[in-house]
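No hydrogens, no waters, no symmetry mates; every other heavy atom, side chains included, goes into these values.
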Amino acid sequence: MTPQTVLLTGASSGIGLATAEALAARGHRLVLAARRAESLAALARRLDPSGSRVLAVPTDVTVDAERRALLAAAEAQFGPVDVLINNAGVTVERGWWWDDPDPLRVLRVNLEAPIELTRLVLPAMRARGRGHIVNIGSVAGRAATNGMYSASKFGLRGFSLGLRRELRGSGVTVSLIAPGFVRSEMTASARLPMPGPEIVARAVADVLEHPRREVIVPRVYALLAALDHFFPALGDRISGLLIRRRYDHREGEQ
């Protein structure tokens, strides 16, 4: 595949870091964005000691000026962005979302930021007649397990699928990658068997070469999504078990 210029958010850890590694290995030019400047710079140096193919841009994706500066830096270094991967994501990590002082930050990072970044890159992509938007959703956007996080991921799924239809015939592709539980900082407290983030990174890298509308990884989670859709009462029971296994200990953290 011809190397592309890829803008990747949330690149300093977890799925983002694994995705950066996978895409660098396939020869893509990378613009890496995250808030942790030191971690981001170290990753960029490790992936590309020459500094010619990987650019680190510390960015808070919830801030409009920083989103615009990110895109400007990408274009100044590599020219037009071919691929936007909206990976940055947060959840309410301690306690329940209704006790959090700012639960709406989950919506700002997980939903508003991808919409705004997409809005910034779309004009150039549509003018060129090519481009790819890849949104990192979640199985929690198919089978709800957390009110605020699932709200953000249900919204991102709707945005992705609707945008894909809006852009038909434009040359711009939209894909949604929906991970289940994988090892990351976000799932560090989960008491569940989980694969590493590399499984998601491979799915992202593969979808750039063979575009698909929606990919659920690991595949076993497609069953949970189907059960929740066709047998909601059974979905309630299974999701309830997952929620209890992940969150029961939180009552002692309040």
Side-chain angles (χ1 to χ4, degrees), residues 6-11 14-16 19 31 33-34 59-64 66-68 70-71 74 81-92 97 102-180 182 184 186 200 203-204 206-208 211-217 221-222 224-226 228-229:
V6 180
L7 195 164
L8 169 65
T9 68
I15 290 171
T19 299
V31 181
T59 306
D60 182 341
V61 295
T62 67
V63 178
D64 182 63
E66 295 195 26
R67 291 191 295 258
R68 293 178 183 275
L70 170 63
L71 183 58
V81 171
D82 300 306
V83 179
L84 168 64
I85 303 176
N86 286 307
N87 167 71
V90 298
T91 188
V92 175
W97 69 264
D102 183 22
L104 292 181
R105 75 181 186 282
V106 177
L107 298 182
R108 292 195 294 273
V109 175
N110 298 4
L111 182 57
E112 181 181 303
I115 290 172
E116 291 294 344
L117 281 166
T118 298
R119 194 158 67 98
L120 289 177
V121 301
L122 267 185
M125 287 184 175
R126 294 183 67 227
R128 296 195 313 275
R130 59 184 175 87
H132 201 157
I133 309 293
V134 181
N135 291 323
I136 307 302
S138 172
V139 172
R142 299 285 297 270
T145 56
N146 174 293
M148 193 57 60
Y149 185 74
S150 288
S152 71
K153 295 302 185 178
F154 267 80
L156 188 62
R157 182 172 189 262
F159 172 67
S160 302
L161 300 182
L163 180 66
R164 178 179 175 274
R165 290 174 174 171
E166 291 173 321
L167 293 174
R168 286 187 66 182
S170 70
V172 181
T173 304
V174 181
S175 299
L176 176 70
I177 308 294
V182 298
S184 69
M186 190 180 296
V200 185
V204 174
D206 289 345
V207 87
L208 297 188
R212 295 175 61 186
R213 177 181 64 179
E214 185 172 9
V215 180
I216 296 176
V217 287
Y221 282 95
L224 176 61
D228 195 72
H229 179 74

*Determine the sole option in T9, T91, V90 for which the side-chain contact (heavy atoms from CB on, under 4.5 Å) test with V109 is passed.*
V90

*In this structure, are over 12 heavy atoms from other groups packed under 6.0 Å from R128 atom CZ?*
yes

*Least distance between heavy atoms, A203 atom then V215 atom*: CB-CG1, 4.4 Å

*E116: salt bridge (charged side-chain N to carboxylate O under 4.0 Å, His left out) partners, not counting sequence neighbours*: R119

*Atom pair CZ (F159) and CD (E166), whose distance is rounded to the nearest 0.5 Å*: 8.0 Å

*What's the verdict on side chain to side chain contact (heavy atoms under 4.5 Å, CB included) for V204 and I136, showing C-alpha distance, side-chain angles and the deciding distance?*
CA-CA 9 Å; V204 174; I136 307 302; 3.8 Å; yes

_Close side-chain approach of L122 and L163, heavy atoms under 4.5 Å_ = yes

*What distance separates N135 CG from L176 CG, expressed to the nearest 0.5 Å?*
6.5 Å

*Inter-residue atom distance R67.CZ - T62.OG1, 0.5 Å rounding*: 7.0 Å

*What closest approach, in Å, do A11 and A34 show between heavy atoms, and which atom pair accounts for it?*
N-CB, 3.9 Å

*Quick one: does K153's side chain have a donor or acceptor within less than 3.5 Å of a partner on R142's backbone?*
no

_Separation of E214 CD from I177 CD1 (nearest 0.5 Å)_ = 9.0 Å

*R164 pairs by side-chain contact (heavy atoms from CB on, under 4.5 Å) with which of V172, V174, T173?*
V174

_Using the side chain to side chain donor-acceptor pair (under 3.5 Å) definition, which of the options H132, R213, R212 pairs with S175?_
H132

*asked:* So does G171 get a backbone contact from the side chain of R130, meaning a donor-acceptor N/O pair under 3.5 Å?
replied: no

*Calculate, to the nearest 0.5 Å, the distance between atoms OG1 and CG belonging to T59 and L7 respectively.*
8.0 Å

*Work out which heavy atom in A225 is nearest to a heavy atom in I216; give both atom names and the distance.*
CB-CD1, 4.4 Å

*Minimum heavy-atom distance between L8 and G16, given as atom pair plus value*: CD2-O, 3.4 Å

_Exercise: identify the closest heavy-atom pair between N110 and G89_ = OD1-CA, 3.1 Å

_Passing candidate, side-chain contact (heavy atoms from CB on, under 4.5 Å) with V31, options V81, V6, L70_ = L70

*Between A140 and T145, what is the shortest heavy-atom contact and its length?*
CB-OG1, 4.0 Å

*List in chain and number order the residues that pass side-chain contact (heavy atoms from CB on, under 4.5 Å) with L104, two or more places apart in sequence or in another chain; answer none if no residue qualifies.*
D102, L107, R108, M148

*asked:* Counting C-beta onward and ignoring hydrogens, is there a side-chain heavy-atom pair between T19 and N87 closer than 4.5 Å?
replied: no

*asked:* With rounding to the nearest 0.5 angstrom, report the OG to CG distance, S160 to N86.
replied: 8.5 Å

